[in-house]
Each structure stands twice: as structure tokens, then as C-alpha cells.
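Throughout, a chain's letter reflects where its sequence line sits, starting with A, and its residues are numbered from 1.
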Amino acid sequence: MSVNERRLRWRLPAAFESELTGRRVHSVGRRAKYLLVRTDQGTLLVHLGMSGSLRVLKPDALRLPHDHVEIVLDSGRCIRFNDPRRFGSMHFIQGDPETHALLRHLAPEPLSAAFDANYLWAATRGRRVAIKLLIMNAALVVGVGNIYASEALFRARLSPRRAAGRLTRAEVARLVVAIKRVLAAAIKAGGTTLRDYVGTDGSPGYFRQKLFVYERDGAACFVCGAPVRHAVQGQRSTYWCPSCQR
DNA sequence: CCTCCCCCCTGCGCGC
DNA sequence: TGCGCGCAGGGGGGAG
């Protein structure tokens, strides 16, 4: 394997290559947005951040700018980690990954049975923060990024600016269903390519065609025709239909 | 504990 | 065509 750029979200330690070299991959998993590559002796944690990608290539494949890490496999292929913005990260860790500081405090997976109306009801009580910010908080539920937060709130007909603690029981139940449905549909479509997201074979995702509000500022709502609104919450763009969402 | 705000970094599209 | 500005799929960390 080889490293061209150590300055990712966290600097790769000097021992990174030597610890990873020769390891045998047992299985591949995921927790929140961290990929877990379990080996015979340690786990590779990968986060793609905003602009990161992993491509599976032949070792002689053309090098692109920002190909920071290359891992060569026994199969004769290699995996390249590319990340222009370097918000992504890699760690090679020992022991149970769930106990690692980055994973230990993560909330339930949104598609799991643990994330249900009862859970979200209890988790929102007494919270004054806007519901959009709360569903993007990994201490409450993981995996809901900026696109899907807006899209789930549209499907649940809830304003992103509502105080979380003031949602009714029925609204909380709608939101749980909407989050699960929007994520499942996006996964089925291969994700949402806005600019540079690609799958391991370099192909884009097609969920962008199914977005109701994200990046549709000023355009007509597909349901009611009212202009879609845009605002900034927590330094991130939010989009919603002020007529459909209350 | 909660809430708010900052930052890490490069690339791209826009207005002038 | 060139330049400056604002904004972009995330999320850790610290101040108050």
C-alpha cells in the first residue's frame, strides 16, 4: 500500500502503512457513516466526509489528483481513497470498534427497529432546538445528512424550523416513517450525486431526480406549486415548502 | 447537559 | 478571461 497525503481529517500516523500491510480482510461493515473493514488483526475505519470516494481499480489505473491512499489487494486490484477536501478520514484501530471514541456515542441506525416513534418521542421531549438540526445530530440518530434531512421533513410535512420538543406524537411518528422511507429509496437509487459523489465503480447515484426540495430554492413545489424556500440553519442550507410543511 | 458557532479544505459557478 | 466571493453530501470540538 502507499500514502501520498497524510493530512486527512486526522493525520495518518507514521505506523499506518506498516500496521495495515499484510492484514487479511475478514468482513466489511458500516456504523453511521463510518466504513469498517475488519481484518485478522485490527479494523480499518474509513469516513468519506463530503468529497471522499473509494474506487476499486487495477493497480496501473491512472492516478487522479487527490488520490491520497492506495491499498493493493491479493486479488490484483487496488482500492484508492480520493478526497479533494480532505474532510474524510482513515484510522486503523485495535479491539472492538464500537468502543472507539468516534463510535461509542453514536445513536441508533435510522433503518433499525430501535429507531421508532417511541424513541424519537422520548428523545425530542424538552428540546428547543429546530427539528432539522436534531435529526442531523448523530447523538440522536445517525446517517441523516443535509439532503435527506430536508427531504424527510418535506415528506413528513413538517417545517424544519419547528422546535423539536413541540412536535406532537403523530408528527414524530410521521417523521420516523419519512426518514426511513427517504433513506431506503435513496439507497435503492444508488445515492444522490450533486457534484462528485461516485460509487466504487465510479458511477453516480440517481436519487437527485427524486428530490422534492433540496437545491430547488424558488422553484415550484411539486405537490402544491408554491415556491420552495431556502434558509440557513446551523451553517447548513435548508429547503422546504412553506405551504406543505407546517 | 444543551446550544451555538467555528473550523478543517479544495473546487466550482456566479457576478462583475 | 480573470478575479473575488459564496457555497458545497460532514462532523469534531470548544465556549458559554
Side-chain angles (χ1 to χ4, degrees), chain A residues 4-12 30-35 45-55 64-69 81-91 93 100-107 109-110 122-154 160-166 179 182-183 185-200 202-218 230-239:
Chain A
N4 297 315
E5 176 58 81
R6 316 193 80 81
R7 295 171 303 164
L8 307 182
R9 175 89 209 266
W10 288 281
R11 188 180 188 85
L12 292 174
R30 178 193 60 76
R31 177 74 175 100
K33 292 183 180 175
Y34 290 93
L35 308 176
L45 276 188
V46 183
H47 197 296
L48 300 176
M50 296 270 252
S51 57
S53 63
L54 293 171
R55 284 134 56 226
L64 298 182
H66 312 295
D67 275 348
H68 302 316
V69 177
F81 173 76
N82 182 287
D83 188 6
R85 294 178 72 180
R86 287 190 270 125
F87 286 4
S89 66
M90 285 188 162
H91 292 81
I93 62 172
H100 189 271
L102 290 173
L103 304 187
R104 198 181 333 169
H105 302 292
L106 292 175
E109 291 287 333
T124 50
R125 291 313 90 189
R127 302 294 297 271
R128 314 222 275 193
V129 67
I131 187 62
K132 195 241 184 182
L133 296 180
L134 201 59
I135 60 175
M136 289 181 67
N137 181 346
L140 189 113
V141 61
V142 300
V144 183
N146 199 39
I147 296 175
Y148 304 125
S150 282
E151 293 299 312
L153 286 161
F154 176 83
R161 309 210 268 202
R162 288 276 297 281
R166 308 197 73 145
I179 288 171
V182 76
L183 291 177
I187 290 165
K188 197 173 169 189
T192 305
T193 297
L194 296 176
R195 282 160 274 275
D196 46 23
Y197 166 76
V198 291
T200 54
S203 64
Y206 297 101
F207 197 68
R208 189 175 193 182
Q209 299 162 225
K210 306 210 171 144
L211 299 177
F212 283 94
V213 289
Y214 192 83
E215 285 195 335
R216 296 197 63 245
D217 187 16
H230 169 262
V232 174
Q233 291 180 288
Q235 297 81 237
R236 313 293 300 276
S237 272
T238 299
Y239 302 86

Between which nucleotides of DNA chain B, 5' to 3', does chain A make heavy-atom contacts below 4.0 Å? B:dC2 to B:dG11

Presence of salt bridge, A:Asp83 and A:Arg9, under 4.0 angstrom: no

Would you mind classifying the nucleic acid contact of A:Arg9 as base, sugar-phosphate or nothing, using non-hydrogen atoms under 4.0 angstrom? base

Backbone N/O of A:Val213 and side chain of A:Glu151: donor-acceptor pair under 3.5 Å: yes

What parts of residues 128-143 of chain A reach DNA chain C, counting only heavy atoms under 4.0 Å away? none

Pairs flagged by salt bridge (charged side-chain N to carboxylate O under 4.0 Å, His left out) wherever residues 204-216 of chain A is involved - sequence neighbours left out: A:Arg195-A:Glu215, A:Arg208-A:Glu215

Contacts of A:Arg236 that satisfy side chain to side chain contact (heavy atoms under 4.5 Å, CB included) - sequence neighbours left out: A:Met50, A:Lys132, A:Met136, A:Asn146

Is it the case that over 12 heavy atoms from other parts of the model lie below 6.0 angstrom from the CZ atom of A:Arg104? yes

Atom P, compared across B:dC9 and C:dC3: separation rounded to whole Å: 24 Å

When you measure from the side chain of A:Ser150 to the backbone of A:Tyr239, do you find a donor-acceptor pair of N or O atoms at a distance under 3.5 Å? yes

Taking the side chain as C-beta and beyond, is there a heavy-atom pair between A:Ile135 and A:Leu153 under 4.5 Å? yes

Rounded to the nearest 0.5 Å, the CH2 atom of A:Trp10 sits from the CG atom of A:Leu102 at a distance of 5.0 Å

A:Ala189: partners by side chain to side chain contact (heavy atoms under 4.5 Å, CB included), with sequence neighbours left out: A:Phe207

Does the side-chain ring of A:Phe87 sit on the six-membered ring of the C:dG10 base, less than 5.5 Å centre to centre and under 30° in tilt? yes

Does A:Arg125 have more than 12 heavy atoms from other residues, nucleotides or ligands lying within 6.0 Å of its CZ? yes

Residue set satisfying ring-ring contact (aromatic ring centres under 6.0 Å, His included) with A:Tyr34, at least two apart, ordered chain then number -> A:His47

Residues forming a ring-ring contact (aromatic ring centres under 6.0 Å, His included) with A:His100, sequence neighbours excluded: A:His91

Expected rows: protein N/O vs nucleotides 6-8 of chain C N/O, under 3.5 Å:
residue, atom, partner, partner atom, Å
C:dA8, OP1, A:Ser237, OG, 2.3
C:dA8, N3, A:Arg85, NH1, 3.3

Check for a donor-acceptor pair, side chain of A:Glu5 on one end and backbone N or O of A:Val69 on the other, with a separation under 3.5 Å. no

Counterpart residues, ring-ring contact (aromatic ring centres under 6.0 Å, His included), relative to A:Phe212 (two or more places apart): A:Phe154

What residues form a side chain to side chain contact (heavy atoms under 4.5 Å, CB included) with A:His66, not counting sequence neighbours? A:His68, A:Asn82, A:Pro84

Quick test: give all pairs of protein nitrogen or oxygen and nucleotides 14-16 of chain C nitrogen or oxygen below 3.5 Å, distance rounded to 0.1 Å.
none

So A:Tyr34, base contact, sugar-phosphate only, or nothing? Heavy-atom distance under 4.0 Å. sugar-phosphate

Could you write out DNA chain C as dot-bracket? Rules: Watson-Crick or G-U wobble, both distances under 3.5 Å, brackets [ ] for crossings, | for pairs with another strand, dot for unpaired. .|||||||.|||||||

